[in-house]
Amino acid sequence: MHENEHYFTVKPNNKALQQYIAYYYFNTSNTEGFVKSYIFYPHYRNAITVYKQSKISFSGSESRVTPCTKQSFEIIYTGIHLTARSGIIQAPFDKIGIVFQPLGLNHFLSQPLSTVVTETPKVNFDYFGKDFEQVLTQVYSTNSTREKANLLDAFFSSKITHFQDELFLKAVDLLFKTELNIQEVSNTLGINRKTLLRLFQKHLNCSPKAFSTLIKFRKAIDIYQKHKPALTDLAYQNDYYDQADFIKHFKKVTGFNPKAFFGNLSHLGTEDTFWTILNS
């Protein structure tokens, strides 16, 4: 992490919330003229990101954040995306992230995700309305990371609706815990592939194949960070067809071959946030 910025991650203090919210992060810099350029990678998790007194714009797969004097929040939803995205952020900035577990956000919605957002990233994500903005004002008013987490915990605890689609929950669980392909998942659940596709589009805005691919990708990152295996072994452990398939997939998702990707990866905070910092 650059000396001109601070980045902290913290799990919800409320243990019950941890099954829905993976962690919060707080990223700040007050250094005028400091600019960070980075690449962030696809994940099966989705997130809500908040900027205070900043303006964010998107062009293709790039986002740009610049300071502004407007006393308001930019609230962005980032759902599942299948390839790397780049970002440029100019200080001063004060950024909050709520990173949800797979299907975590769905437990706070009273309707399917696909009816709440139809694109990613979604600018001006206002589903939680003025209540959320009031809590954000309180969060930004304290310097205590624990208190920030407590305030966010209280807000999200009050919004739990509990996701009820048991069939879909089973489908996601099978993809995480087994090596079944999409057809085998459909067969296990006693539904056809089209039904499974509709469920994924309804609740995650993606296909089951895309979601399965992201699980494989993130598992590879996790294994490499923990054990540093040879890349040939990593490909084998993650059920890639062969080394060529492994390299092709990483180039498609990240823009780098596996060796270059892992060689330039930076770990932010204490959770599974891995970016490539281009310059800062």
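In this text, all values refer to a predicted model and were calculated from it rather than measured experimentally.
Proximity of a side-chain donor or acceptor of Tyr25 to a complementary backbone N or O of Val99 within less than 3.5 Å is not detected. In this structure, the side chain of Thr115 does not engage the main chain of Gln111 through any donor-acceptor pair within 3.5 Å. Judged purely by atom type and a 3.5 angstrom limit, Asp233 has no side-chain atom pairing as donor or acceptor with the backbone of Pro229. Within the 3.5 Å criterion, the main-chain N or O of Asn4 finds a donor-acceptor partner in the side chain of Ser29.
Atom CD in Gln53 sits 9.0 Å away from atom CZ in Phe73 (nearest 0.5 Å). The distance from atom OH of Tyr23 to atom CD of Gln101, rounded to the nearest 0.5 Å, is 10.0 Å.
Aromatic rings from Phe132 and Phe155 are positioned such that their centres are separated by under 6.0 Å. Aromatic rings of Phe250 and Phe246 (six-membered ring for Trp) have centroids within the 6.0 Å cut-off, being under it.
By the 30° and 60° cut-offs, the orientation of the rings of Phe261 relative to Phe217 is tilted. The aromatic rings of Tyr7 and Trp275 sit perpendicular to each other, their planes meeting at more than 60°, with 30° as the lower class boundary. Between Phe125 and Phe128, the ring planes lie perpendicular to each other; the angle is over 60°, past the 30° to 60° tilted range.
Clustering of Ile, Leu, Val, Met, Phe, Trp and Tyr by side-chain heavy atoms under 4.5 Å joins Ile182 with Tyr44, Ile80, Leu82, Leu103, Phe163, Leu167, Phe168, Leu169, Val172, Leu174, Leu175, Phe176, Leu180, Val185, Leu189, Ile191, Leu196, Leu199, Phe200, Leu204, Phe211, Leu214, Ile215.
Nearest heavy-atom pair, Ala22 versus Pro12, reported as atom, atom and distance to 0.1 Å: O-CD, 4.0 Å. The two residues His267 and Thr273 come nearest to each other via the heavy atoms CD2-O, 3.4 Å.
A side-chain donor from one of Asp165 and His203 sits under 3.5 Å from a side-chain acceptor of the other.
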